[in-house]
Chemist: 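This is the structure I want to talk about, given as structure tokens.
Quick note on labels: first sequence line is chain A, next is B, and so on, each numbered from 1. Hydrogens, waters and symmetry mates are skipped; everything else that's a heavy atom, side chains included, is used. What you see is a predicted model; the values in this text were computed from it and never measured.
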Amino acid sequence: MRKKNIFNSTILSTTFLIVFTSLTSCSDDDENPEVVNEEEIITTMNVTLSASGVPTITLQSQDLDGDGPNDPVVEVSGNLTASTVYSGSIELLNETETPAEDITEEVAEEADEHQFIFVTSGSVASTAYNDEDADGNPIGIAFTLTTGEAGTGTLQITLRHEPKKPNDGTLADAGGETDVVQTFTVTVE
Amino acid sequence: MRTYAIALFAIIAACNINAQDCNSILLGEIIDFHDNTPLHNATVLLTGTTKSVVTGLNGKFRIENLCDGYIELEVYHEECKTKLITVLIDGDTYQEISLEHHLEELEEVKIVGSSIQNKTNSALEQTLKLETIEQYSSQSIGDALKEINGVSSLNTGANIVKPSIHGLNGSRVLVLNDGVRMQDMEWGEEHAPNIDINGSGSIAVIKGAAALQYGGDAIGGVIVIEQPKFKEQDTLFGKTVINGVTNGRGGNISSELTKVFENGFFIKGQGSLKRLGDREAPNYILSNTSSQEKAGKINFGKLLFNWGFNVKYSYFESDLAILRASHIGNVDDLIQSINSQEPAIIESFTYDIESPRQEVAHHIGSLNFYKRFQGLGKLNVQYDFQKNRRFEYDIRVGDDANKASIDLDLTTHTFSSDFKWDSEYKYKLHTGVMGRYQDNFANPDTGVRRLIPDYKKYDVGLFLIGEYRFSDNLTVDGGLRYDYNRIDAKKFYRTSRWEERGYDEQFQDIVIDDLGTQLLTNPIFDYHNLSGTLGMEYQVDNSSTLRFNYALGQRAPNPSELFSDGLHHSAARIELGDLRIKSETSHKFSVSKEADYDLWAYSFEPYVNFLSDFILLEPTGVEFTLRGAFPVWSYRQTTARIVGFDASIYSNFWKNWSTSHKFSLVKGKDLDFDKALINIPAANFRNKVSFNRPKWSDFEISLESNYVFRQNEFPEDIIVFSPEQQQDVLLQINTTPPAYHLLSAYSKMQFPIGQKNQLQVSLTVNNLLNTAYRDYLNRQRYFADDLGRNFIVQFNFKY
């Protein structure tokens, strides 16, 4: 009987010892955790529209807090000129990093998995693709924009990831997921 | 029984004629070791002879005409371990013999599982038997639990099934896996319990917080998973279950082997493997829904009646693909998915597991020791260790394509001890203490801001429960529990979020570092929770029982409710916790009336649960980012009421035929805002008819109908601005899918193989009519239909 009790208390004290050592050994990491700066986040889209003989116009949408509560800030540098064919280019940046990371390069590298889709209205008459991926399908980093008569219009730019390629240039047909979407309201004069 | 006794007496009388001229008498008394009560109907055999007697109601027996000297007796009682005892006869002799009654730890594996003890006295409680568990061998524990009336599930597709009891899930449902409280990040809606259903012997569900010994925060309920029990005798046994599944074109295999030695020592091993490819809805393939699971368990110990120990280690690993079409970009994609009736991406069948996916591994190690004190009770001491490692992979581009977006490592140590005074017939007392330390590490290498921060958590719990038997038909029970929880987190907030939430006014003192756009904070919160229960069980007559129970439960907020902040990519939603959230309290009243007659049985269990500071997560609006607009889901607290009932009828009016009917209804209301609560399961009605003929190799066939009503009560949909459409649109995020009706069939036969082995073959067909349906509590209902027809063939070999 006595022997059994000794055995039992051995088990008990071993258990306590294991608990104690495991508890103490785990509480030594009192350092502060490492901050995470999101790498893939796109904070900024810059669109440059240029044509000979007219001022170059830039459109910008910037959301520095990413999925934070602040809305993107949209800026249009000036008015477009009527009945003009602009040559356009898109730049995507991650400005949470210094220096800012150019995401456009990643899109270009995986061009077959990406496409910008343009939707126009009002005085923005049309857009056309000016680049293509390895399969000969459009990407949209470079494009042309044709303005119509004076008035207001909108240009909506959407970057789709893994769209159906080729597609008919509409969002519905392209499918995939949206990486960036912004609608710019512009004045054509 | 009486005839048996008479027959035995006749044998004794016959023996007496042959007896020699020895005249000593042995007067004996057989008592229960455990509470010193007399054991009636025990058989005492004089070894080497055919002389045997049976004890009477007072536990006494008498053997006459014995010669002086040593004799050996074999004492047998159907609920006890057989005992051999040597007695010295010296004239008329008196001998007391104690038998080990109440074989809690040593109960024999009974296929029917009828020996399962209740965990509570007065609460609503139901147990799944081994037979049912085996039927669900190729599915998950959440699927099997839906057999229990009042239990539903919150699904993310078919792979992630989270049990929900009386409308409550997640941290409100405590899962006790073989004595260890699971710490597997149960807070997430897309986190399923990390348990392999194979290898469990019984699964009990206590609907409510009445089982205080396990925790006071089980406002939804407790799921108690236990190992099959076995007798302390020299045996070697095991089983192998193999399932072939058509929907998913795969299957699983599970095998276990147990060796028990005469001295009580045992060793047991179990392992399972499961592999399924893409699942199918009636009209299309659910692309990227394959899964893979591995599980293993080893345990050894010594389980004697008066003391024992048990050392266990178990491992569970799952790699689950998540429906490709459910990974969406923004609110416009969600609008498009809800409006289109088909998933956006349908590819051909594959076994590949691509992103989005989850990879989870869970380890449990435990040491348990118990000792029983004669005439007093039982002491139990346990230490357990758990490690949960979770990776979630989203669809990412470039260098990050194969990098996890969520990488969490949760380690938990728990020490607990309890003592149960169960030697008195009139009353029983159970008291215990628990200490727990938990550490969560969120790996920053993901390159994605942490959804759940690094934290340390400390829990201490104390409980006392008692049970008093007023008479043979009235038992009253009650208990109290106190829990202390401390959470000490290190969390980064975006400065803009910190200010938008108003934390800069209330919590500025917890900021420990300012990194410009982000703040590092150190929230330390303490919670003191009190829980209690009071109930009674009244045996109305031989066939019916009435129970009443009141349970007070209190639960501290979990890390997700406190700290969530940011875009949950896989769900395409911004989830916002709140540091101001305090403990929630539940007052649940339940009544149950059960009756079991020869030809039929019924149960009726109404309940009402009043919840104050009830924590819920619901869509509250949208936030705009460059990626578009995202629905915001925020946690808030409210006063709520959940009311409902579970009813069931079982009948057996004709030989070989039986029917069962179950109906379950829950209604949830947010009393502060006078609106419906989110995610309350729809009413459902299950009817089953079975034909059973044991003569034909245990043949059984059954047909079951499951009608799920439409949930008519749900919170209003929200209006969001669609950047794509440049206007406000109604986002039908809360609208519930229509009612549906599913038929399923099951048939089995059992064949003996050799002397001891058995083979059971069964066929299950789920969704027999290949009905296309969507369930309100499936988070993928926006994107795709639920599973189509599925045939499961099972071979269950017992040896």
Side-chain angles (χ1 to χ4, degrees), chain A residues 4 8 11-12 14-16 18-19 22-23 26-27 29 32-45 61-72 92 96 103 105-107 109-110 113-114 119 121 154 156 158-162 171-172 175-183, chain B residues 307 309 327-330 332-333 336 344-345 367 369 371 381-383 385 395-400 411 413 415 435 437 439 441-442 444 446-450 453-454 456 490-492 494-497 499-501 512-513 515 517-518 520 566-567 574 623-628 630 723-724 726:
Chain A
K4 207 176 248 181
N8 295 348
I11 290 186
L12 265 179
T14 316
T15 315
F16 275 113
I18 291 167
V19 175
S22 49
L23 287 184
C26 286
S27 48
D29 51 342
N32 287 337
E34 205 181 299
V35 70
V36 175
N37 289 305
E38 302 225 336
E39 294 153 19
E40 295 145 82
I41 190 168
I42 300 170
T43 60
T44 312
M45 172 161 67
S61 176
Q62 190 183 43
D63 188 2
L64 293 176
D65 78 339
D67 61 355
N70 297 340
D71 290 348
L92 301 174
T96 60
I103 310 282
E105 288 169 15
E106 275 185 31
V107 175
E109 274 166 30
E110 295 176 3
E113 289 179 11
H114 290 95
V119 179
S121 77
T154 61
Q156 184 192 76
T158 308
L159 173 62
R160 281 283 167 92
H161 179 215
E162 294 192 346
L171 289 166
E177 283 140 40
T178 306
D179 280 345
V180 173
V181 60
Q182 187 61 56
T183 303
Chain B
W307 75 277
F309 70 94
H327 191 279
I328 52 165
N330 60 26
D332 283 306
D333 296 349
Q336 198 185 316
I345 297 161
L367 300 171
F369 169 78
K371 162 113 184 100
V381 181
Q382 180 169 307
Y383 162 75
F385 166 84
I395 294 163
R396 299 174 78 174
V397 292
D399 300 338
D400 296 322
T411 311
H413 303 266
F415 174 78
Y437 168 76
D439 181 89
F441 171 70
T446 56
V448 176
R449 292 183 65 252
R450 302 166 177 90
D454 287 11
K456 292 181 172 62
K490 294 264 176 76
K491 157 99 183 144
F492 288 98
R494 272 211 176 86
T495 313
S496 57
R497 177 70 67 200
E499 288 163 3
E500 178 258 344
R501 299 254 95 191
I512 53 175
D513 199 4
L515 299 144
T517 55
Q518 291 193 54
L520 176 62
L567 185 60
I574 292 169
E623 277 183 5
F624 297 92
T625 76
L626 202 56
R627 285 178 63 186
F630 288 92
E724 216 170 273
Q726 288 291 302

Chemist: Hey, mind stepping through B/Lys490 and B/Ile512 against side chain to side chain contact (heavy atoms under 4.5 Å, CB included) and telling me if it holds?
Modeler: CA-CA 9 Å; B/Lys490 294 264 176 76; B/Ile512 53 175; 3.9 Å; yes

Chemist: When you compare the side chains of B/Gln726 and A/Thr183, does any donor N or O come within less than 3.5 Å of an acceptor on the partner?
Modeler: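 Result is yes, a qualifying pair exists.
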
Chemist: Pick whichever of B/Arg497, B/Glu499, B/Arg450 has the most heavy-atom pairs under 4.5 Å with chain A.
Modeler: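 Highest number of heavy-atom pairs under 4.5 Å: B/Arg497.
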
Chemist: Identify which part of B/Leu567 has an atom lying under 4.5 Å from any heavy atom of chain A, answering side chain, backbone, both or neither.
Modeler: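 Both parts, backbone and side chain.
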
Chemist: Answer with side chain, backbone, both or neither: which region of B/Leu626 has an atom nearer than 4.5 Å to a non-hydrogen atom of chain A?
Modeler: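 Both backbone and side chain of B/Leu626 come within 4.5 Å of chain A.
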
Chemist: Do B/Val381 and B/Phe415 come within less than 4.5 Å of each other through their side chains, counting heavy atoms only?
Modeler: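 Answer yes - side chains close enough.
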
Chemist: If every non-hydrogen atom of B/Gln518 is compared with every non-hydrogen atom of A/Val36, which pair is closest and at what distance?
Modeler: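 Looking at all heavy atoms of both residues, the closest pair is NE2-O, 3.0 Å.
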
Chemist: Among A/Leu159, A/Asn70, A/Thr154, which has the most heavy-atom pairs under 4.5 Å with chain B?
Modeler: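 Heavy-atom pairs under 4.5 Å are most numerous for A/Asn70.
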
Chemist: Quick one: of A/Asp65, A/Asp63, A/Val107, who has the most non-hydrogen atom pairs under 4.5 Å with chain B?
Modeler: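 Ranked by contacts with chain B, first place is A/Asp65.
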
Chemist: Need one label for A/Glu34: side chain, backbone, both or neither, based on atoms under 4.5 Å from any heavy atom in chain B.
Modeler: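 Both backbone and side chain of A/Glu34 come within 4.5 Å of chain B.
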
Chemist: Please classify the contact between A/Thr43 and chain B as side chain, backbone, both or neither, with a heavy-atom cut-off of under 4.5 Å.
Modeler: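 Answer is backbone: N, CA, C or O of A/Thr43 sit under 4.5 Å from chain B.
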
Chemist: Checking A/Thr44 against chain B: side chain, backbone, both or neither under 4.5 Å from a heavy atom?
Modeler: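 Interface part for A/Thr44: backbone (N, CA, C, O).
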
Chemist: Pick one of side chain, backbone, both or neither for A/Leu171, based on which atoms fall under 4.5 Å of a heavy atom in chain B.
Modeler: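 For A/Leu171, the side chain is the part near chain B, not the backbone.
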
Chemist: Counting only heavy atoms closer than 4.5 Å, note whether B/Phe492 contacts chain A via side chain, backbone, both or neither.
Modeler: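 Side chain only.
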
Chemist: Got a salt bridge between B/Asp333 and B/Arg627, using NZ or NE/NH1/NH2 to carboxylate O under 4.0 Å?
Modeler: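 Result for this pair is no, no salt bridge flagged.
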
Chemist: Write down the atom of B/Glu623, the atom of A/Pro69, and the distance for their closest heavy-atom approach.
Modeler: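 Where B/Glu623 meets A/Pro69 most closely, the heavy atoms are OE1-CA, 3.6 Å.
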
Chemist: Would you please name every residue forming a salt bridge (Lys or Arg N to Asp or Glu O under 4.0 Å) with B/Arg494, sequence neighbours left out?
Modeler: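 Salt bridge (Lys or Arg N to Asp or Glu O under 4.0 Å) check on B/Arg494 returns A/Asp67.
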
